[in-house]
Amino acid sequence: DGKSFTTYNTTQGLAYNQVMSMAEDNSGNLWFGTGGGGISRYDGRSFTTFSTAQGLADNTVYCIWEDKSGNLWFGTQGGGVSRYDGKSFTTLSTAQGLANNIVKGIAEDKTGNLWFGTEGGGVSRYDGKFFTTFSTAQGLANNTVWSITEDNSGNLWFGSNGGGVSRYDGRSFITFS
């Protein structure tokens, strides 16, 4: 509130006390991805927990993204990525073409493609139907991608585990280290 801190933990209803990721959805709910308890949604009054029991791919959630359609995407520790449409979860994994089931970063580009940074598999672009994977073979700095953002010019930036940052202009990668 600008004057003091309020702590929320499992006593107040948080799924797990290790919080790996956070995001606010377009309705003002706060979402917390935890390191073993699944996801907690906070509506300003109380917490609701979503876990593998409700269809989440894995209970460790590294990253959260809300797409332009209002779906929430959760990158997990070994289960791939789960999409939540407000009613149920759908999981996408290596079985559907994702580069690796450990997903550390998610972003959506201006054209609506989703990008998933993985642990050791590079980055996968998802167009809503198919995956395309980019790795060091295509010029990515490192195959472990922890963070993704798009700049105002439409370039995608990928933060890696030890390889620096790679910029992708839609044609090729340039790495800065």
Side-chain angles (χ1 to χ4, degrees), residues 15-16 18-26 29-41 48-150 156-163 165-166 168 170 173:
Y16 195 71
Q18 183 183 36
V19 176
M20 311 284 288
S21 54
M22 297 180 279
E24 182 178 10
D25 67 23
N26 60 19
N29 296 304
L30 295 173
W31 294 81
F32 302 95
T34 71
I39 305 158
S40 289
R41 179 183 65 205
T48 303
T49 297
F50 301 90
S51 68
T52 54
Q54 287 76 38
L56 183 65
D58 190 273
N59 285 332
T60 297
V61 177
Y62 287 128
C63 50
I64 304 169
W65 184 270
E66 184 177 24
D67 68 22
K68 292 172 183 148
S69 299
N71 297 301
L72 288 158
W73 295 81
F74 304 97
T76 72
Q77 167 65 42
V81 62
S82 289
R83 180 184 66 224
Y84 183 65
D85 64 7
K87 296 176 186 167
S88 62
F89 289 93
T90 302
T91 296
L92 301 173
S93 67
T94 55
Q96 289 77 37
L98 183 65
N100 188 293
N101 285 332
I102 301 172
V103 178
K104 301 260 180 142
I106 304 173
E108 184 176 15
D109 66 25
K110 291 176 182 172
T111 62
N113 294 309
L114 287 160
W115 294 78
F116 303 105
T118 71
E119 178 79 28
V123 64
S124 291
R125 180 181 64 204
Y126 182 63
D127 66 7
K129 292 184 182 182
F130 302 104
F131 286 97
T132 303
T133 296
F134 301 89
S135 68
T136 54
Q138 287 78 39
L140 189 63
N142 187 292
N143 284 334
T144 296
V145 175
W146 286 350
S147 56
I148 307 167
T149 195
E150 185 177 33
L156 288 157
W157 295 79
F158 304 98
S160 74
N161 178 20
V165 63
S166 293
Y168 181 65
F173 290 91

A.B. asks: Given the rule in the side-chain contact (heavy atoms from CB on, under 4.5 Å) test, do Val61 and Leu56 qualify, once you have shown the distances and angles that lead to the verdict?
C.D. replies: CA-CA 9 Å; Val61 177; Leu56 183 65; 4.0 Å; yes
A.B. asks: Say you draw a straight line from CG of Asn26 to CD of Glu24; how long is it, rounded to the nearest 0.5 Å?
C.D. replies: 9.5 Å
A.B. asks: Is a side-chain donor or acceptor of Asn142 paired with a backbone partner of Gly162 at a separation under 3.5 angstrom?
C.D. replies: no
A.B. asks: Nearest 0.5 Å, please: how far is CG in Leu156 from CZ in Phe173?
C.D. replies: 8.5 Å
A.B. asks: Could you go step by step and tell me if Phe50 and Phe74 meet the side-chain contact (heavy atoms from CB on, under 4.5 Å) rule?
C.D. replies: CA-CA 11 Å; Phe50 301 90; Phe74 304 97; over 6 Å; no
A.B. asks: Classify the side-chain pair Asn71/Ser69 by whether it contains a donor and acceptor separated by less than 3.5 Å.
C.D. replies: no
A.B. asks: Please check this pair: side chain of Asn59 against backbone of Thr52, looking for a donor-acceptor N/O pair closer than 3.5 Å.
C.D. replies: yes
A.B. asks: With sequence neighbours left out, what residues match Glu108 under salt bridge (charged side-chain N to carboxylate O under 4.0 Å, His left out)?
C.D. replies: none
A.B. asks: Could you pull out the closest heavy-atom pair between Ser40 and Ala15, with the gap in Å?
C.D. replies: OG-N, 2.7 Å
A.B. asks: How far apart are the closest heavy atoms of Gly122 and Leu140, and which atoms are they?
C.D. replies: CA-CD2, 3.8 Å
A.B. asks: Considering residues, nucleotides and ligands other than Lys110, do more than 12 of their heavy atoms fall under 6.0 Å from its NZ?
C.D. replies: yes
A.B. asks: Return the minimal non-hydrogen interatomic distance between Thr111 and Lys68, and the atom names on each side.
C.D. replies: N-NZ, 4.1 Å
A.B. asks: Step by step, would you call Trp146 with Thr144 a side-chain contact (heavy atoms from CB on, under 4.5 Å)?
C.D. replies: CA-CA 6 Å; Trp146 286 350; Thr144 296; 3.2 Å; yes
A.B. asks: Is it true that a side-chain atom of Asn100 and a backbone atom of Glu119 form a donor plus acceptor pair closer than 3.5 Å?
C.D. replies: yes
A.B. asks: If I compare all heavy atoms of Cys63 with all of Gly105, which pair ends up nearest, and what's the gap?
C.D. replies: SG-N, 3.5 Å
A.B. asks: For the pair Gln18 (side chain) and Gly36 (backbone), establish whether a donor and an acceptor sit closer than 3.5 Å, ignoring hydrogens and angles.
C.D. replies: no
A.B. asks: Under the 3.5 angstrom rule, does the side chain of Asn101 hit a backbone N or O of Thr94 as a donor-acceptor pair?
C.D. replies: yes
A.B. asks: In Å, rounded to the nearest 0.5 Å, how long is the span from CD of Gln54 to OH of Tyr84?
C.D. replies: 9.0 Å
A.B. asks: Taking all heavy atoms of Ala99 and all of Gly121, pick out the closest pair and write down the distance.
C.D. replies: CB-O, 3.2 Å
A.B. asks: Exactly one of Thr118, Ile148, Thr133, Thr132 should register a side-chain contact (heavy atoms from CB on, under 4.5 Å) with Val123. Which one does?
C.D. replies: Ile148
A.B. asks: Working to the nearest 0.5 angstrom, can you tell me the gap between Asp67 CG and Asn113 CG?
C.D. replies: 11.5 Å
A.B. asks: Heavy atoms, side chains only, cut-off 4.5 Å: are Phe89 and Ile39 in contact?
C.D. replies: yes
A.B. asks: Kindly write out the residues that satisfy ring-ring contact (aromatic ring centres under 6.0 Å, His included) with Tyr16, not counting sequence neighbours, or none if the list is empty.
C.D. replies: none
A.B. asks: Only counting residues at least two apart or in another chain, list the ones meeting ring-ring contact (aromatic ring centres under 6.0 Å, His included) with Trp73.
C.D. replies: Phe116
A.B. asks: At their closest point, which heavy atom of Ser166 faces which heavy atom of Ala141, and how far apart are they?
C.D. replies: OG-N, 2.8 Å
